[in-house]
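Step one of this worksheet: look at the structure below.
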Amino acid sequence: MRRRQSGDTLVLIEAQLTASQRGLTMAETAASGNFKVIGTRPVRPDGVDKVTGRAKFGADYSFPGMLHGKVLRSPHAHALIKLIKIDKALALPGVKAIVTSADLPEAENKSEQAGEMAVNPRHLSANILARGKVLYDGHAIAAVAATSPHIAEEALRLIEVDYEILPPVMTVDAAMAPGAPILIADLRNKEEGDKPTNVATHYQFKRGDVEAGFKSADFIVEREFNTAMVHQGYIEPHNAVGIYNADGNATIYCSTQGIFDVRLLSSQVLGVEVGKIRVVPAEIGGGFGGKTTVYLEPLSVLLSKKTGAPVKLTMSRAEVLRATGPTSGSKIKIKMGATRDGRLVAAQIWMAYEAGAYPGSPVGAGAMTIVAPYTVENFLIDGYDVVVNRPKTAAYRAPGATNAAFASETVIDELAEKCGIDPLDFRIKNGVQEGSPQVVGPPYKRIGYLQTVEAIKNSPHYKSKLTGANRGRGVASGFWFNAGMQSSAIVNIHPDGTASVVTGSPDIGGSRASMAMIAAEVLGIPMTDVRPVVADTDSIGHTDVTAGSRVTFATGMAVYEAARDAARQLVERAAKAWEKKPEEVELRDGMLHTKGNGVPPVSIKQLAPRFPRTGGPIVGRASLNARGVGPAFACACVDVEVDPETGKVQILRATVAQDAGKAIHPSYVEGQMQGGTAQGIGWALNEEYFYDAKGILRNTGLLDYRMPTCLDLPAIDAIIVEVPNPGHPLGVRGVGEVSIVPPPAAIANAIYRATGVRMTETPMSPPKLLKAILRHRSSAANAKAAG
Amino acid sequence: MHEIHYEAPTTLEQAVAILKQRGEQARPLSGGTDLIIQLRSGARRNPYLIDIKYIKELRTISFDPKDGLRLGAAVTCAEIDENPLMHRHYPGLTEAARLIGSVQIQNRASVGGNLCNGSPAADTTPALIALGARARIVGPGGEREVPAEKFAIAPGRTVLQPGELLVELLIAPPPPHSSDAYLRLIPRNEMDIAVVGAGVALTLDGDRIKAARIGLGAVGPTAILAETASQALVGKKLDDAAFDAAARLASEAASPIDDMRGTAEYRRHVAGVLARRAISIAAERARKN
Amino acid sequence: MSKKTLVEATINGEATEFLCEPRQSLLECLRDVLELTGSKEGCLTGDCGACTIIVDGRVVDSCLMLGVEANGKTISTIEGMAIAGQLHPLQRKFLEHAALQCGICTPGFLMSAKSLLDRNPNPSEADVRYALAGNLCRCTGYDKIVRAVLDAAAEMRGCGAGKAATR
Amino acid sequence: MATVVIPSLLRKFTGGAERVAADGATLRELIRTLNARFPELTGDLVENNEIRPSIAVSVDGEIATSGMLEPVRPDSEVHFIPALGGG
């Protein structure tokens, strides 16, 4: 095992900015690299609370008279609910209320915009409490409120449910087979007309002439890949405290990636106006996309309404795994062709993703990312969103892209090998850059794909020699769109010249630090003089989810604008005091200066106490629907050692390069890159949803849902590449997601070099890899015998 | 969790009396690292928990060159790992104890609890089987001893009758030129349950094997003594042929199932691989003793 | 309602009495009875380590210990780690190294790391990784956590800022 | 006239045409023009006078943030693409 102490870090900066950024003072600063705060590594403002146990996560809230709720869940994968009898449970001392779907209003069967995604309120409601039918093991049926969580649990045992068990449909193959049992009676798709189906949507992307493309290819690789359903694995289970008041107003305290989404979705499920619900963001213990929808939140309000008391619900780990939103397992058939000189000329791809119980897998994103890093002249990509008797999937870090890249980046490795070209050079040769068309058509703006590949190529890791038996090195790339959407920010200047910056983006990985840094940079004051606040839904303008790598980009843009608004007011205020025109005053390094001679400069600290007598408080504001999203690319290099007798893989070394655009707080950017890489490694090697023949999830705990421990991972070197995003005043791209995409393919490619085996299935767990190794050996032996 | 009653007797007599009184409703509580999870999930319902950690006899490790080891049933894995005599005389059992769970778990879990839990995948059981350990059980009807390989009778079930308590594990002193080893396969490097475990104890006579015992875990409903594989080593020279033959027989002794942790085919294969590796480590250690 | 038991323990240096039901875990007692919510619940099966505390000098998962078992014990939780407002070097190093993102696992990691350094002031990277293997973190990939612990150890040994830590 | 790139599966409604020229200063006007020529096409893109929630519109490579009111220039290129969520 390599004994290096820590990841080495390198920041590559490409300083030139495009013309679109001209006219922005800060952008000029960005180009010159003369930031005072941005790019430094200060301690996060919420840090002390988090290392002393003071930070309040959702489950840490309690209120006088609070009751505890628990949810009864289906023990069957697919069944009709004939009868629910609650009288025995209600009779248990301490039980205060029980709710079922009969307590929820009928929700409309339509598609509605909710944050990032389209949501069907009927499906959402039925996922929260099953209506007549259960569609997966763990599907919620009823919820109990009692004086203690133990009593609530015992009450669940006393609820009687009669089921009519139906055959489970667990895979896309089973769901798409003719005559397959139908999960949702009224589900239809365009192509099958009025025929009941399990295929919710068919996506297709087409460019050029794929047949002609293959004719021009010298090498063609065709393979089928299968990836297992996996979970985000956040350490904090879902939670919610609901308080319903007699006046019809409700408050929800919960750990969520999107308070405004919780408000909207809860209002849809409960049939209550949005304005009657306030959502207070607790600290959130990880989400990775899995906390962008609701499960317990509406139930907490419903039970509170029924009992008149605050009600807290928390999930057990088994509930988290059985009944929240993992990401899709998938089947991908892929055929790609290249010319002898290493030019990709054609790709034909068929991909089907498990949506879970209700439509909405990320297969569309998978289809749009699968060849996104490459200019391929001809392709035909078909994607199918398929319902199966598994939990409804939710977003998971670059949703859909990791499955897709596992397939395409493995095949590209194989093509590079056939062409006799280094796999990184092959990627550089075919890689997209500014002006290359995206899969969906429009050209890329400024992107840093090639720079990430070059960064790996020039890394100490790739340049080092890997020696030793059963060892191999693999590389792979990844693409993710990143997201814009709506954000709001307020910057208050306090009487002592310090500031607070208020946003609606729950801080899941240190975003308070970057928000404070951006405001400090604009105002020219120390970061420690800016206190960041994550406010509730009544205290800040609408802000979409902390997801899609959007917070530093979009909320950061709002903070930047709000701070500039405050700065403009400071200038006006000083000008007024000095009887100058505003354009004669400027704010520089926290000091207000007059242009030319005259008045000595005044600091914000000196000016602020005089606000009451010069026109009142100064509040900078911004709200926006962010444009200028800059996509992200990553490239990873992984060394493995395989035990050929047991199939166990050890990760020896890992390096990831990623284009951040501009790293506001480099430590937290590296943290995102390292964390995404770790999740990708877990996905690659051992994580999977393991269902039995009846569709019951067998691995419902963290003993058998095997996420990497710190003994399973090496130091992870993070190379931040900075190719500024021309669409952001500070050059920021999102950094939260793309690093999860390359590892599974990089590991498969490394395993190939260590063993000669091409893995086409995740997880590449010891039993699966050993089987492949033994098969490979016996076929090699047969070939030798025959030869 | 359902309601429970908790008692913490300080003598063996008290413990046995309570266990007798409560019958099947009672269960001894040692580290609780399996039991509390099972009570919480509803896999077991025992309203009476008898905390045995305050009974001195159950918390003691004693080694005597003539009589061997007496390992109290509630001695924690951490205490075993911290005991130099354990490392010197029973390195295989000690490494098995050290493999159970995290540091947090090792500070609570006991070898006795590991055995009483009756899991076929318990790490210390194949190591105990290899060492020929006997379980001393005290109950209303007096005392009895049961060999480690006979202790579990089915997954989660043991020979213990209502009212009976496992007091300690008895292991003979290691003969000259002997040692033991334990290996397991887990998909991760920590915090996992054995997909296969193999414990081996060997005694050498020059470059030949004088005695051998191979215990296998997670390859059947209970951990087993792979007798044929063990016997195949006896009288053999320490060479590849002998090791390979024993590995083959160890694979054949396995009767595993397919589950989320591994396929039957995989477990059978790995049983041989690990047995062979553990034989070779035990032989290497024995040579130095 | 089952009968409650009186438990006496020393918690973060204070003699403490509390009432609990025997079925309540020590974690539940700390969080719901004593309002010490710094110890977190992540799995209730001893697999994630978010509830790690130190009992009589040894780390345990407080979810796998009954409250009644705490009787007579000396217990340290995250709330007692900073003394008189002074952060423990581990706490400081976690902040300096950005060794946390969401922070839910942080109290457990700090308890495990403290217990390691209490026993072994000069651990290797492998020692640190072994000692922390019972604590899951899903955000960081562990790199910065391991680095922070090594740096804190160096500082506590009096080596100043360890070489391991400098970038 | 702006160029509208028709999603692959909807080209059956445009007689196989991949790129269609259409007039309009906003998406609403553009879609109105398209609707007049290819009445079956727009039902999959628009519902109740709004872009369907499952669809995102890219105008000159930028995802539209003003819905049907999004400005379109005479030389704009417009793509209809699936909406997607991040984690």
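Residue numbers start from 1 in every chain, and the chains themselves are labelled A, B, ... in the order their sequence lines are given, proteins ahead of strands.
- Neither the backbone nor the side chain of B:Ile37 comes within less than 4.5 Å of any heavy atom in chain A.
- Residue contact with chain B, scored on non-hydrogen atoms closer than 4.5 Å, involves the side chain of A:Leu770 exclusively.
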Step through the atoms of chain B and chain A and list each donor-acceptor pair whose separation is under 3.5 Å.
residue  : atom : partner  : partner atom : Å
B:Met1   : N    : A:His150 : ND1          : 3.2
B:Met1   : N    : A:Glu153 : OE1          : 2.7
B:Arg45  : NH2  : A:Glu154 : OE1          : 3.1
B:Ile186 : O    : A:Lys648 : NZ           : 2.9
B:Pro187 : O    : A:Asn686 : ND2          : 3.3
B:Arg188 : O    : A:Lys648 : NZ           : 2.7
B:Arg188 : NH1  : A:Met707 : O            : 2.6
B:Arg188 : NH2  : A:Leu702 : O            : 3.3
B:Arg188 : NH2  : A:Leu703 : O            : 3.2
B:Asn189 : N    : A:Asp712 : OD1          : 2.6
B:Asn189 : OD1  : A:Lys648 : NZ           : 3.0
B:Asn189 : ND2  : A:Gln650 : OE1          : 3.2
B:Asn189 : ND2  : A:Leu711 : O            : 2.9
B:Asn189 : ND2  : A:Asp712 : OD1          : 3.4
B:Asp192 : OD1  : A:Arg706 : NE           : 3.0
B:Arg261 : NE   : A:Asp704 : OD1          : 2.7
B:Arg261 : NE   : A:Asp704 : OD2          : 3.3
B:Arg261 : NH2  : A:Asp704 : OD2          : 2.6
B:Tyr266 : OH   : A:Thr646 : O            : 2.5
B:His269 : NE2  : A:Glu645 : O            : 3.0
B:Arg277 : NE   : A:Glu645 : OE1          : 3.2
B:Arg277 : NH1  : A:Asp643 : OD2          : 2.8
B:Arg277 : NH2  : A:Asp643 : OD1          : 2.9
B:Arg277 : NH2  : A:Asp643 : OD2          : 3.1
B:Arg277 : NH2  : A:Glu645 : OE1          : 2.7

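- Counted within 6.0 Å of CD on B:Glu82, heavy atoms from surrounding residues, nucleotides or ligands total more than 12; the atom is thus considered enclosed.
- For B:Thr125, there are no side chain to side chain donor-acceptor pair (under 3.5 Å) partners, not counting sequence neighbours.
- A:Leu685 does not touch chain B: none of its heavy atoms, backbone or side chain, sits under 4.5 Å away.
- The minimum heavy-atom distance between B:Gly262 and A:Pro767, with the atom names listed, is CA-CG, 4.1 Å.
- When heavy atoms are compared at a cutoff of 4.5 Å, B:Ile193 approaches chain A by way of both its backbone and its side chain.
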